[in-house]
> 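Here you go, one structure.
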Amino acid sequence: MPFMKGRAPVRRTMKYLQDGALHLKSEIQVMTLNYNIGPGQQVHRGALDFVFWHLPQLLYKNPHTQFVTFKNLTPTPVFQFFFSNGKKLVIDVDSHSKDEIHSFIRSTLCKTEMEVEEEQTKDEKNPALFGLSDSKKCICQIPGQVPCSGAVILPPQIRGRHRYTKES
């Protein structure tokens with residue numbers, strides 16, 4: 001499998017992306033991540049690890065939020081959040097581990113588990129749809145529709161072979 005090559009290939013699996021716990025609030029429009037890479041940048045290690053392990057999950061779970069990474073531009077690692085009302089929140093992540101950053105963002109800027117469950121149940125089912133994954137398996141279960149020919153024999157005027165035969 002070619003996608004299982006490179007550094008930490010588990011980051012590219014669907015299971016890993018779906019296991020992410022960071023569902024940002026809908027007011028957050030842009031998140032910028034400023035950090036440095038290279039030797040001698042130990043204070044940036046937590047931010048670099050957070051970007052390496054948790055940014056793919058953030059991108060997958062928050063498709064309507066823009067994420068921008070800036071490498072080697074700031075002396076200290078900083079995450080900035082821009083809200084829809086024009087406000088800005090700056091988080092200094094200097095010398096913090098990736099787990100500390102993750103828990104801080106989850107506790108302050110993410111939706112609660114109850115809010116995430118409410119969103120999922122609200123968007124879950126559309127009563128107009130039918131199929132194997134929906135509540136109605138066939139269109140014949142909807143009132144007013146023609147029943148399945150396997151369950152009920154259709155009258156001759158509806159069947160195609162009787163409709164198109166020529167009368168002598």
Side-chain angles (χ1 to χ4, degrees), residues 1-33 47-69 79-89 91 97-168:
M1 290 186 271
F3 69 93
M4 294 301 282
K5 294 180 180 178
R7 290 178 53 202
V10 71
R11 293 180 307 144
R12 292 185 288 276
T13 61
M14 284 301 292
K15 182 175 180 347
Y16 181 77
L17 294 175
Q18 291 169 347
D19 286 343
L22 296 177
H23 295 271
L24 295 176
K25 294 181 180 177
S26 56
E27 297 88 33
I28 298 174
Q29 290 185 333
V30 180
M31 176 182 179
T32 63
L33 306 111
L48 181 63
D49 288 342
F50 180 84
V51 168
F52 185 79
W53 288 106
H54 297 293
L55 185 61
Q57 292 175 336
L58 270 168
L59 291 168
Y60 182 79
K61 291 289 187 174
N62 305 290
H64 301 294
T65 304
Q66 180 181 359
F67 295 92
V68 183
T69 59
F79 291 175
Q80 293 180 340
F81 296 87
F82 296 92
F83 295 89
S84 58
N85 61 4
K87 293 188 178 182
K88 176 173 79 170
L89 175 68
I91 299 175
S97 69
K98 70 175 173 71
D99 297 325
E100 292 171 348
I101 298 168
H102 183 271
S103 64
F104 180 77
I105 290 176
R106 185 171 183 184
S107 64
T108 56
L109 296 167
C110 289
K111 299 174 186 174
T112 62
E113 290 186 22
M114 190 170 68
E115 290 174 335
V116 172
E117 287 177 15
E118 284 178 13
E119 256 183 29
Q120 288 175 348
T121 56
K122 181 176 70 174
D123 295 338
E124 197 169 86
K125 294 293 179 185
N126 184 351
L129 299 177
F130 61 92
L132 293 176
S133 62
D134 295 309
S135 61
K136 298 177 181 83
K137 304 297 181 224
C138 183
I139 195 167
C140 69
Q141 295 175 340
I142 298 173
Q145 298 296 322
V146 176
C148 283
S149 59
V152 177
I153 298 175
L154 297 174
Q157 65 269 19
I158 294 179
R159 291 188 229 165
R161 65 180 173 195
H162 294 286
R163 184 181 303 167
Y164 300 114
T165 57
K166 295 180 182 178
E167 295 179 20
S168 311

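Note that this is a predicted model, so its numbers are computed, not measured.
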> Under the rule for side-chain contact (heavy atoms from CB on, under 4.5 Å), what residues qualify as partners of Lys136, not counting sequence neighbours?
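For Lys136 the side-chain contact (heavy atoms from CB on, under 4.5 Å) partners, ignoring immediate neighbours, are Phe130, Gln141, Ile142.
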> Can you pull out every salt bridge (Lys or Arg N to Asp or Glu O under 4.0 Å) where at least one residue sits in residues 15-33? Sequence neighbours excluded, please.
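Every salt bridge (Lys or Arg N to Asp or Glu O under 4.0 Å) pair that includes a residue of residues 15-33, provided the two are not neighbours, is Lys15-Asp19.
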> Answer yes or no: does atom CD of Glu113 have more than 12 heavy-atom neighbours from other residues, nucleotides or ligands under 6.0 Å?
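No.
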> Give the minimum heavy-atom separation between Lys137 and Leu132, together with the two atoms involved.
NZ-O, 3.2 Å
> Nearest 0.5 angstrom please: Thr108 OG1 to Phe81 CZ, how far?
7.0 Å
> Find the distance between NE2 (His54) and CG (Leu59) and round it off to the nearest 0.5 Å.
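Spacing of NE2 (His54) from CG (Leu59) equals 13.0 Å.
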> With sequence neighbours excluded, what pairs up with Lys88 under the salt bridge (charged side-chain N to carboxylate O under 4.0 Å, His left out) test?
none
> More than 12 non-hydrogen atoms from neighbouring residues, nucleotides or ligands closer than 6.0 Å to CZ on Arg11, yes or no?
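More than 12 within 6.0 Å, yes.
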> Would you indicate whether the side-chain heavy atoms of Val51 and Phe67 approach each other to under 4.5 Å?
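Phe67 vs Val51: side chains apart.
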> Going by the angle between their ring planes, with limits at 30° and 60°, are His102 and Phe50 parallel, tilted or perpendicular?
tilted
> Would a distance-only check, ignoring hydrogens and angles, find a side-chain to backbone donor-acceptor pair under 3.5 Å from Asn62 to Leu24?
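Side chain of Asn62 to backbone of Leu24, a donor-acceptor pair under 3.5 Å: yes, one is there.
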> For the residue pair Ser97 and Asp49, establish whether any side-chain heavy-atom pair is separated by less than 4.5 Å.
no
> Identify, with sequence neighbours excluded, every residue that meets side-chain contact (heavy atoms from CB on, under 4.5 Å) alongside Leu48.
Tyr35, Ile37, Arg45
> Test Trp53 against Asp99 for side chain to side chain contact (heavy atoms under 4.5 Å, CB included), laying out the working first.
CA-CA 10 Å; Trp53 288 106; Asp99 297 325; over 6 Å; no
> Do Leu55 and Thr69 pass the side chain to side chain contact (heavy atoms under 4.5 Å, CB included) test, and can you show the C-alpha distance, the side-chain angles, and the key distance before you say yes or no?
CA-CA 10 Å; Leu55 185 61; Thr69 59; 3.9 Å; yes
> List for me each residue that meets side-chain hydrogen bond (donor to acceptor under 3.5 Å, both in side chains) alongside His23, sequence neighbours excluded, and say none if there are none.
none
> Under the rule for side-chain contact (heavy atoms from CB on, under 4.5 Å), what residues qualify as partners of Thr32, not counting sequence neighbours?
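Scan of Thr32 (side-chain contact (heavy atoms from CB on, under 4.5 Å), adjacent residues dropped) gives Val30, Asn34, Val68, Phe70, Gln80, Phe82.
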> Where do Tyr60 and Met14 come nearest, in terms of heavy atoms and distance?
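Closest approach of Tyr60 to Met14: OH-CE, 3.2 Å.
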> Considering all heavy atoms of both residues, which atom of Leu89 and which atom of Phe83 are nearest to each other, and what is their separation?
CB-CE1, 3.7 Å
> Would a 4.5 Å heavy-atom cut-off, applied to side chains only, mark Val116 and Lys61 as touching?
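The answer is no, as the side chains (C-beta and beyond) never meet within the 4.5 Å cut-off.
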> Drop me the distance from Thr65's OG1 to Ile28's CD1, to the nearest 0.5 angstrom.
7.0 Å
